[in-house]
Amino acid sequence: MSTPRSDLAPEPGLSREEMERLQREIADAAVFEDDFPFDPATITNPLEASANAAASDLETPEAADRSQPPIVAGVDQSFLDDDRALSAVVATRAGEVIERVHAVTPLEIPYVPGLLAFREGGPILAALEELSVSPDILLFDGSGRIHFRQAGIATHIGVVRDVPSVGVAKSLLCGEPVEDTENLPAGTRVPIEADSSVDAPDGTLLGYALQTRQYDSPDRYINPLYVSPGHRVGPETAADVVEALATSYKLPEPVRLADSYAEEAKSLVEPETDHEN
DNA sequence: GCGACAG
DNA sequence: ATCTTGTCGC
C-alpha cells in the first residue's frame, strides 16, 4: 500500500532549526532496505533489454503489472536566472524514454549544504505532478542516506511521494569511505560509513562509492559516484541499479537524460517577468 | 576558533 | 549549479 507523506514536504519558509527537525522525521520515516514489488534485475538499458524480455512472457492477468520492466525516472535541475529553477523528469522503461516533463518554480532559498531539498524540492515535486506515468523508482542527482541527518534530497522526495528512490551524487557530502577511492577500477564499490558528522551510529553503512567508468591510461582518472539509498531501497540494490544503467557513461542513463532535458527545456520557458517594484 | 560541506 | 579554456584519446 502506498502512503505518501505530503505533510513532510520540504517547506522553504522554515527556519534552519525547523528544517533540520523535519529532516530527522524524514529519516525516521525512510526505509533503507529493499521494499518494492518488482525485480531490480529487470532494470536495464536498451542494449541488454531484450535479454530478459523473454523470461517474463507467460503472464497471468493478475501479474499484468509486472509483464513490463519497471519505469525508472531520472530527476535533475537547471537554473534559468538567479531566482527560478527548472526541474526535469525523464521516465524510461527498458532504457527507452516514455515521458519527459518539466516545471519551473521560483527559488526561495540559497543553496546550503545539507538543506538542498528545501531549495530544489519544490520544483521537483511540481515536475513529478506533471508526470502521467507512475515511476517504480526515482534516480536523483544528489545524496540519499549519505547526509548529515540521513535525509538527502533523494530520501526526502522518496518519502514524501512514497516511491523507491536512489541518490546519485558526484561528490561526497559526508561520511567516510572505508578505503581510498582514488583511481579505482571500473566496477569497484567502496562502502561509505557514518562518522561523527552523521546522525547515525559510527560505522553505519550509508552507501557506496561506485566506480562506473574508468580510463585505461596512465595518470588521469575518473572520480567515482556516491550512491546511496533514498527510500525503500537498500545500499546494494541502489548500487546495482546505478551500475546497470551506467553503461556508456559515468552517470546512469535516466539521470543523464534528465540532465540534458533540463537544459533543453530552458528554451521552452518564458523570459523572466519583471516583478513590479 | 578551524575545517567541511550534494547542487 | 554555471562559466570556460585546455588536453587526451579514438
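Worth knowing before you read on, the calculation uses all heavy atoms, side chains too, and leaves out hydrogens, waters and symmetry mates. Letters A, B, ... mirror the listed sequences (proteins, then strands); counts begin at 1.
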Under 4.0 Å between a Lys/Arg side-chain N and an Asp/Glu carboxylate O for Asp162(A) and Arg232(A)?
yes
Ion pair present between Glu130(A) and Arg100(A), side-chain N to carboxylate O less than 4.0 angstrom?
no
Can you tell me how far C1' of dA1(C) sits from CG of Asp81(A), to the nearest Å?
13 Å
Output yes when at least one side-chain N/O atom of Ser171(A) is less than 4.0 Å from OP1 or OP2 of dG7(B), else no.
yes
Under 4.0 Å, counting only non-hydrogen atoms across every strand here, what does Phe148(A) touch: a base, just sugar-phosphate, or nothing?
base
Rounded distance in Å - NE2 (His156(A)) to C1' (dG7(B))
16 Å
Within the structure, does a side-chain N or O atom of Lys170(A) lie under 4.0 Å from either OP1 or OP2 of dC5(B)?
no
Walk me through whether Val72(A) and Arg93(A) qualify under side-chain contact (heavy atoms from CB on, under 4.5 Å).
CA-CA 6 Å; Val72(A) 183; Arg93(A) 180 197 283 136; over 6 Å; no
Could you tell me the separation between the CD atom of Glu20(A) and the C1' atom of dC5(B), rounded to a whole number of Å?
13 Å
For Tyr111(A) and Glu120(A), does a side-chain donor sit closer than 3.5 Å to a side-chain acceptor?
no
With a 4.0 Å cutoff (strictly under), does any side-chain N or O of Tyr226(A) reach OP1 or OP2 of dA6(B)?
no
Which nucleotide in dT2(C), dG7(B), dC5(B) has an atom nearest any side-chain atom of Asp76(A)
dG7(B)
Could you work out which one of dA6(B), dG7(B), dT2(C) sits closest to the side chain of Ser78(A)?
dT2(C)
Would you mind reading off the distance between Ile146(A) atom CD1 and dC5(B) atom C1', rounded to a whole angstrom?
13 Å
For Phe79(A) and dA1(C), do the ring centres fall under 5.5 Å apart while the planes stay under 30° apart?
no
Taking for Asp216(A) and for Lys266(A) the nucleotide of DNA chain C with the nearest heavy atom, the one nearer the 5' end belongs to Lys266(A)
Write down the distance between CZ (Arg149(A)) and P (dC5(B)), rounded to a whole number of angstrom.
16 Å
Options dA6(B), dG7(B), dT2(C), nucleotide nearest the side-chain atoms of Ile153(A):
dA6(B)
